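Single-structure report; data block below.
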Amino acid sequence: SVSIDQVRGGYIGLEYLATLGHKKIMWLSGPDHHHQSNQRFVGITQAAKDFDVELSVMVSPSLDFLAGEHLAPQIIAAGPLPDAIFAGNDALALGIMNYFHKVGIPVPGQISVLGYDNVTYAESALVPLSTVSQTPYQLGWTMGSQMVFEFQANESHVHQHVVFQPKIVERASTAKRF
């Protein structure tokens, strides 16, 4: 099997924003039943303690672009804006950024936004999205290789579990807080 260390991904995402000087960070989680969001939150809460970050949380009913656009007015209405938003995935982050652009809130000028996944269109957004990458190419290649080995295996074959470590991909949607 192949997996991603989601706890580590949450930790390094919040750590990255904290090292940019952001002290008030909002985590936009997926729905309560979304296992990966729950795992990421474990790392996020630990990093918030380690880096003395004020963490707020908002739960999204889904992890898609439209959910981001619908949550953005709620984020604004809750006022004042956090220093940064760490979104549960890239689609959610891009929806939020799209709404902010429509209403004149500059990203990253007024607020930094970090996504999660490193989807292919994140780098081609109007403001290219900084993200926690799950190294999709490595993940797919390893899964495919493991399947081939499984098909060719004999009884002495040892099953493997590979855990990938996520990494930060820095783009234009995040900036140092002054």
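Not measured: the values here are computed from a predicted model. The figures here come from the full heavy-atom set of this structure, side chains too, leaving out hydrogens, waters and symmetry mates.
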Look at the rings of Phe86 and Tyr116 and say which category their plane angle falls in: under 30° parallel, 30 to 60° tilted, over 60° perpendicular. parallel
For a quick test of reading the model, state the closest non-hydrogen atom pair linking [X] to [Y] and the distance between them.
X      : Y      : answer
Pro106 : Gly104 : CD-O, 3.2 Å
Pro128 : Leu126 : CD-O, 3.7 Å
Glu123 : Thr120 : CG-O, 3.7 Å
Leu14  : Ala48  : CD2-N, 3.1 Å

Roughly how far apart are [X] [atom1] and [Y] [atom2], rounded to 0.5 Å?
X      : Y      : atom1 : atom2 : answer
Ile168 : Ile12  : CD1   : CD1   : 4.0 Å
Tyr11  : Asp50  : OH    : CG    : 3.5 Å
Ile111 : Ile75  : CD1   : CD1   : 7.0 Å
Thr131 : Lys167 : OG1   : NZ    : 11.5 Å
Leu17  : Leu114 : CG    : CG    : 5.0 Å
His70  : Leu92  : NE2   : CG    : 12.0 Å

Return yes if some donor-acceptor pair links the side-chain N/O of [X] with the main-chain N/O of [Y] below 3.5 Å, else return no.
X      : Y      : result
His22  : Ile25  : no
Lys23  : Phe51  : yes
Arg177 : Gly21  : no
Ser173 : Val113 : yes
Arg40  : Gly9   : no

Pair Asp83 + Lys24, salt bridge at N-O below 4.0 Å: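 Here Asp83 does not pair with Lys24 in a salt bridge, since their nearest N and O are not under 4.0 Å apart.
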With no hydrogens and no angle check, just 3.5 Å: does a side-chain donor-acceptor pair link [X] and [Y]?
X      : Y      : value
Thr174 : Ser130 : yes
Tyr121 : Asp90  : no
Gln134 : Asn118 : no

Group every Ile, Leu, Val, Met, Phe, Trp and Tyr by side-chain heavy-atom contacts under 4.5 Å, then state whether [X] and [Y] land in the same group.
X     : Y      : result
Leu71 : Ile44  : no
Tyr16 : Met97  : no
Leu20 : Phe100 : no

So do the side chains of Leu81 and Ile76 get within less than 4.5 Å of each other, counting heavy atoms only? yes
Indicate yes or no: at least one non-hydrogen side-chain atom of Pro73 is less than 4.5 angstrom from one of Tyr99.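 Contact flag for Pro73/Tyr99 side chains = yes.
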In terms of heavy-atom contacts, does NE2 of His101 have more than 12 from other residues, nucleotides or ligands at under 6.0 Å? no
Atom CD of Glu54 with >12 non-hydrogen neighbours under 6.0 angstrom: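 12 or below, so no.
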Exercise answer: donor-acceptor pairs, residues 55-67 side-chain atoms, under 3.5 Å, sequence neighbours excluded:
from: Ser60; atom 1: OG; to: Ser62; atom 2: N; distance (Å): 3.3
from: Ser60; atom 1: OG; to: Ser62; atom 2: O; distance (Å): 2.4
from: Ser62; atom 1: OG; to: Asp64; atom 2: OD2; distance (Å): 3.2
from: Asp64; atom 1: OD1; to: Leu66; atom 2: N; distance (Å): 3.3
from: Asp64; atom 1: OD1; to: Ala67; atom 2: N; distance (Å): 2.8

